[in-house]
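In what follows, a structure is listed as structure tokens, so that the remarks can point back to it.
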Amino acid sequence: MDQLIDFSQTSLYVSALAIAFNPTFWNTVARQEYHNHILTRLFNGNSLRACYALAVTIFSLGLFRDYLYKSALDAQPYTPTFHLPLPAYLLLAAGNTLVLSSTWALGITGTYLGDYFGILMDEPVTSFPFNITGAPMYYGSAMSFLGTALLYGKPAGVLLTGEVLAVYLVALGFEDPFTSEIYAKRERERRGGKKAQ
């Protein structure tokens with residue numbers, strides 16, 4: 001395994017930390033916003049601006065994570081059997097299609113946790129890519145990480161991709177029930193409002 005992955009490279013661990021940090025950060029901040037409205041208060045009660053600020057932060061952290069990932073791969077040994085350009089390009093194309101199309105379908109506030117700010121969608125999005133998977137951004141991102149690893153022939157990238165997928169699956173275990181409850185609460189309040197009329 002040491003011939004495939006150089007575990008002495010600090011950049012490998014830095015990349016792994018960034019991969020774990022990002023979803024932990026946005027889930028922690030979003031829940032704080034939902035319960036305490038910290039960001040909304042920072043933006044003088046404007047939840048839309050607060051959500052956009054979080055979106056910029058999450059996007060920037062994602063770019064930095066991707067930079068650290070690429071830097072980690074650059075420091076790792078090349079393995080010809082892992083250099084698979086055609087599958088790599090297919091994974092990159094499919095992964096980016098899932099990510100970009102889900103962002104298009106959800107919009108900025110839908111993509112970047114607007115529901116935690118009280119910015120709720122009228123109804124669930126069921127069109128592409130949500131008719132393929134409930135988490136197209138996460139699976140698309142993991143596919144892009146794997147595509148990059150195979151494009152450069154770096155087994156360390158495959159290992160880090162496994163971490164990406166694992167971290168996203170854990171995040172989904174927290175996010176999906178919490179988000180479902182946000183919308184269930186809205187429906188309960190709507191039904192209660194109709195009864196009061």
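Salt bridge status for D74 with K70: present, with a side-chain N to carboxylate O gap under 4.0 Å. R190 and E187 are joined by a salt bridge, as a carboxylate oxygen and a charged side-chain nitrogen come within less than 4.0 angstrom of each other. We find that E181 and R188 are joined by a salt bridge, their nearest charged nitrogen and carboxylate oxygen being less than 4.0 Å apart.
Counted within 6.0 Å of OH on Y13, heavy atoms from surrounding residues, nucleotides or ligands total more than 12; the atom is thus considered enclosed.
Considering only heavy atoms from C-beta on, T40 stays 4.5 Å or farther from N46 through its side chain. A 4.5 Å side-chain heavy-atom check between T161 and L165 finds every atom pair outside the cut-off. Y52 is not listed as a side-chain neighbour of F43, based on a closest heavy-atom distance of 4.5 Å or more.
For the ring pair (Phe, Tyr, Trp, His ring centres under 6.0 Å) with F145, the qualifying choice from Y139, Y69, Y152 is Y69, the only one to do so.
Counting only distance, with no hydrogens or angles, the side chain of T79 and the backbone of T81 share no donor-acceptor pair below 3.5 Å. In this structure, H83 contributes its side chain and L151 its backbone to a donor-acceptor pair below 3.5 Å. Under a 3.5 Å cut-off, the side chain of R65 and the backbone N or O of A16 do not form any donor-acceptor pair.
One distance of note links OG1 of T24 with CD1 of I19; it measures 12.0 Å at 0.5 Å rounding. Separation of atoms CG (L120) and CG (D115) is listed at 6.5 Å; rounding is to 0.5 Å. Taken from CD1 in I58 to CG in N22, the straight-line distance is 8.5 Å, to the nearest 0.5 Å.
If you check the side chains of E175 and Y168, you find no donor sitting under 3.5 Å from an acceptor.
In this structure, R31 satisfies the cation-pi test against F178, with its NZ or CZ atom closer than 6.0 Å to the six-membered ring centre and inside 45 degrees of the ring normal.
By the 30° and 60° cut-offs, the orientation of the rings of Y138 relative to W26 is parallel.
Contact detail for M137 and V99: the closest heavy-atom pair is O-CG2, 3.7 Å.
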